[in-house]
Amino acid sequence: MRVLGLITARGGSKGVPRKNIRLLEGKPLLAYTAEAGRKANKLSRLVLSTEDEEIAEVGRKCGIEVPFVRPPELAADTTPTLPVIQHAIRELEKAGENFDAVCLLQPTNPLRRSEDIDNCIELLVSSGADSVISVLPVPHEYNPHWVYWQNGDEGTVRLVTGETEPVSRRQDLPSAWHRDGSVYVTRTCVVVEENSLYGSKVRAYEMDPLYSANIDTEDDWESVRKILAEK
């Protein structure tokens with residue numbers, strides 16, 4: 001299976017300005033994802049999608065290919081991830097390169113390991129799934145069987161599961177996970193033909209919490225900096 005490793009990094013981040021190339025413990029944030037991607041054995045090619053020339057230059061120094069420039073309209077605050085991936089696939093197809101799957105790697109998750117990438121790809125192949133996403137367990141107090149929605153303006157609430165009563169004992173709660181954003185692997189046909197990052201058959205790869213972090217704010221940045229400093 002040919003798998004495209006796609007790192008997406010735009011220049012207009014708001015929560016932490018210019019975070020993708022900001023130095024984190026002596027290295028650009030982008031470098032951590034580049035290193036994991038380059039060490040992954042199951043990625044056929046590692047490419048950076050960006051509209052920002054400074055980010056592109058940092059990416060090249062980190063050993064990432066930058067074979068195209070992302071259009072500015074695909075780098076806005078409100079731009080979804082899917083069209084960015086579809087654009088990359090189209091650009092590479094124009095150059096005669098085709099891939100069976102694409103692995104999305106976001107620089108904001110710098111702790112992921114190369115083995116996490118390889119394990120997700122292996123799970124995609126062995127399971128026949130449309131996609132594999134990295135996840136973490138949901139703490140029991142946030143389990144869907146204990147979480148309520150508000151019914152419009154009525155003031156009443158209902159369980160998100162649609163059940164009439166919550167599970168009474170913690171021990172009886174079914175396992176639940178949330179996506180952690182470290183790795184997404186999706187078959188190319190699902191991305192292009194079904195216009196989806198997930199498809200209908202999704203498998204989960206549970207991350208080791210020690211290697212999972214998502215930087216959206218300055219507080220997140222400081223937390224990850226401390227983790228890396230300790231390592």
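Note that the structure is predicted; figures quoted are calculated from it, not measured.
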Would [X] and [Y] pass as an ion pair if we require N to O under 4.0 Å?
| X | Y | answer |
| --- | --- | --- |
| R170 | E141 | no |
| E35 | K27 | yes |
| K39 | D118 | no |

Nearest 0.5 Å, please: how far is CD in E222 from CD1 in I215?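 Reported value, rounded in 0.5 Å steps: 10.5 Å.
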Report yes or no: is the cationic atom of R22 (NZ for Lys, CZ for Arg) under 6.0 Å from the centre of the six-membered ring of W221, at an angle within 45° of the ring normal?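 Because its charged atom sits under 6.0 Å from the ring centre and within 45° of the axis, R22 does stack over W221.
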Between R112 and Y211, is NZ or CZ placed under 6.0 angstrom from the six-membered ring centre and within 45° of the ring axis?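 So R112 doesn't make the cation-pi contact.
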Test your reading of the model: is there a side-chain donor-acceptor pair from D220 to the backbone of T217, 3.5 Å cut-off?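 Between the backbone of T217 and the side chain of D220 there is a qualifying donor-acceptor contact (under 3.5 Å).
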Side-chain donor or acceptor of E51 paired with backbone N/O of G11 under 3.5 Å: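 Present.
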Residues forming a ring-ring contact (aromatic ring centres under 6.0 Å, His included) with H178, sequence neighbours excluded: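 Result, ring-ring contact (aromatic ring centres under 6.0 Å, His included) vs H178: none returned.
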Holding to side-chain contact (heavy atoms from CB on, under 4.5 Å), I want the full list of residues that pass it with W177, two or more places apart in sequence or in another chain.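 For W177 the side-chain contact (heavy atoms from CB on, under 4.5 Å) partners, ignoring immediate neighbours, are V135, P137, S175, E206.
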Which atom pairs, one a donor and one an acceptor, fall under 3.5 Å between side chains of residues 120-132 and the rest of the protein, sequence neighbours left out?
{"from": "S126", "atom 1": "OG", "to": "E122", "atom 2": "O", "distance (Å)": "3.0"}
{"from": "S126", "atom 1": "OG", "to": "L123", "atom 2": "O", "distance (Å)": "3.4"}
{"from": "S127", "atom 1": "OG", "to": "L123", "atom 2": "O", "distance (Å)": "2.6"}
{"from": "S127", "atom 1": "OG", "to": "A129", "atom 2": "N", "distance (Å)": "3.2"}
{"from": "D130", "atom 1": "OD2", "to": "S200", "atom 2": "N", "distance (Å)": "2.9"}
{"from": "D130", "atom 1": "OD2", "to": "S200", "atom 2": "OG", "distance (Å)": "3.3"}
{"from": "D130", "atom 1": "OD2", "to": "K201", "atom 2": "N", "distance (Å)": "3.0"}
{"from": "S131", "atom 1": "OG", "to": "Y198", "atom 2": "O", "distance (Å)": "2.7"}

Report, as yes or no, whether the 6.0 Å neighbourhood of atom CZ on R45 holds more than 12 heavy atoms from other residues, nucleotides or ligands.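 Check passes, neighbour count above 12.
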